[in-house]
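These notes are about the structure you will find just below.
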Amino acid sequence: MIDLYNNPHIEIIKEKYPDYFTGFVTSKGYKINSNQDRIRTLIDWEAMDKKYAIPYFMENSNKKIKNGLINSVFGQQNTIVLIEFGPNEPMVKTINKYFIEHWDDFISDYGSLGASLISLDGNFLMEFTDDTYYLLYSNFPIPIQ
């Protein structure tokens, strides 16, 4: 289990949820899903020109997703990311490499209601859904083998 509060790789964002995160996402040109009761995502993926979706709850998903993220354009960068885990969980800031190394702990420990991630420059966007599909949406391809 990842300790969000006593971890030198993680900074807790003390801004108001969800206003801070959704405001940041929209400031980078992305849309928020206005029909979250029907489509259980925070991001409006239907409005995206480039979107990719893969299941993240599959056999050997820890290794497959980790390797896919490492080998993606996201994994080739050094960037800081904001992560939200939904109500009653803290928003955090960390480096993408740390997130990739521990993605499954972040999601299994804190993302039971889904989780969204955006890089500070707005170039990378991901969302782990909390519906029965367990999809990882992204605005970049994640090569899974």
Main-chain N/O of N123 paired to S119 side chain as donor or acceptor, under 3.5 Å: yes
Ion pair check, K31 and E46, cut-off under 4.0 Å: no
Under 3.5 Å, which donor-acceptor pairs do the side chains of residues 86-93 form with other protein atoms, sequence neighbours left out?
none

Compile the donor-acceptor pairs under 3.5 Å between side chains in residues 9-24 and protein atoms, sequence neighbours left out, one pair per line.
{"unit_1": "Y17", "atom_1": "OH", "unit_2": "E84", "atom_2": "OE1", "d": "3.2"}
{"unit_1": "T22", "atom_1": "OG1", "unit_2": "P18", "atom_2": "O", "d": "3.0"}
{"unit_1": "T22", "atom_1": "OG1", "unit_2": "D19", "atom_2": "O", "d": "3.4"}

Side-chain (D3) to main-chain (N6) donor-acceptor, under 3.5 angstrom: yes
Candidate pair T79 and I95, rule side chain to side chain contact (heavy atoms under 4.5 Å, CB included), full reasoning: CA-CA 6 Å; T79 189; I95 189 157; over 6 Å; no
hydrophobic_cluster_shared for I54 and V73, side chain cutoff 4.5 Å: yes
Heavy-atom donor-acceptor pair, Y30 side chain to M48 backbone, under 3.5 Å: no
Heavy-atom side-chain proximity of T26 to I32 below 4.5 angstrom: yes
Test item: D105 side-chain N/O and M1 main-chain N/O as donor-acceptor pair under 3.5 Å: no
Validation row, ring centre Y137 to ring centre Y52 under 6.0 Å: no
ILVMFWY cluster, Y134 and I43 together (side-chain gap under 4.5 Å): no
Pairs where residues 108-130 contributes a residue and the test ring pair (Phe, Tyr, Trp, His ring centres under 6.0 Å) is met, not counting sequence neighbours: Y56-F128, F74-F124, F85-Y110, W103-F128, F124-F140
Single hit among D49, I118, L125 for side-chain contact (heavy atoms from CB on, under 4.5 Å) with N139: L125
Path from L136 to I70 over hydrophobic side-chain contacts below 4.5 Å: yes
Donor-acceptor under 3.5 Å (S138 side chain, M126 main chain): no
Non-hydrogen atoms of L42 and S116 that approach each other most closely: CD2-OG, 3.7 Å
Test item: S72 and P141 side chains (from C-beta on) under 4.5 Å apart, heavy atoms: no
Hphob cluster co-occupancy, F57 + I100, side-chain heavy atoms under 4.5 angstrom: yes
Residue Q76 excluded, over 12 heavy atoms near CD under 6.0 Å: yes
Beyond-backbone contact of I144 with I142, side-chain heavy atoms, under 4.5 angstrom: yes
K28 atom NZ: more than 12 heavy-atom contacts under 6.0 Å: yes
Side chain to side chain, F106 and E101, heavy atoms closer than 4.5 Å: no
Atom of D131, atom of R40 and distance for their closest heavy-atom approach: CB-CB, 4.4 Å
Side chain to side chain, L117 and E127, heavy atoms closer than 4.5 Å: no
Atom of P55, atom of I65 and distance for their closest heavy-atom approach: O-CD1, 4.0 Å
Closest heavy-atom pair and its distance - N96, G75: ND2-CA, 4.3 Å
Linked, directly or transitively: L69 and V81 (ILVMFWY side chains, under 4.5 Å): yes
Flag, side chain of N33 to backbone of I39, donor-acceptor distance under 3.5 Å: yes
Heavy-atom pair of closest approach, residues N78 and K97: OD1-CE, 3.1 Å
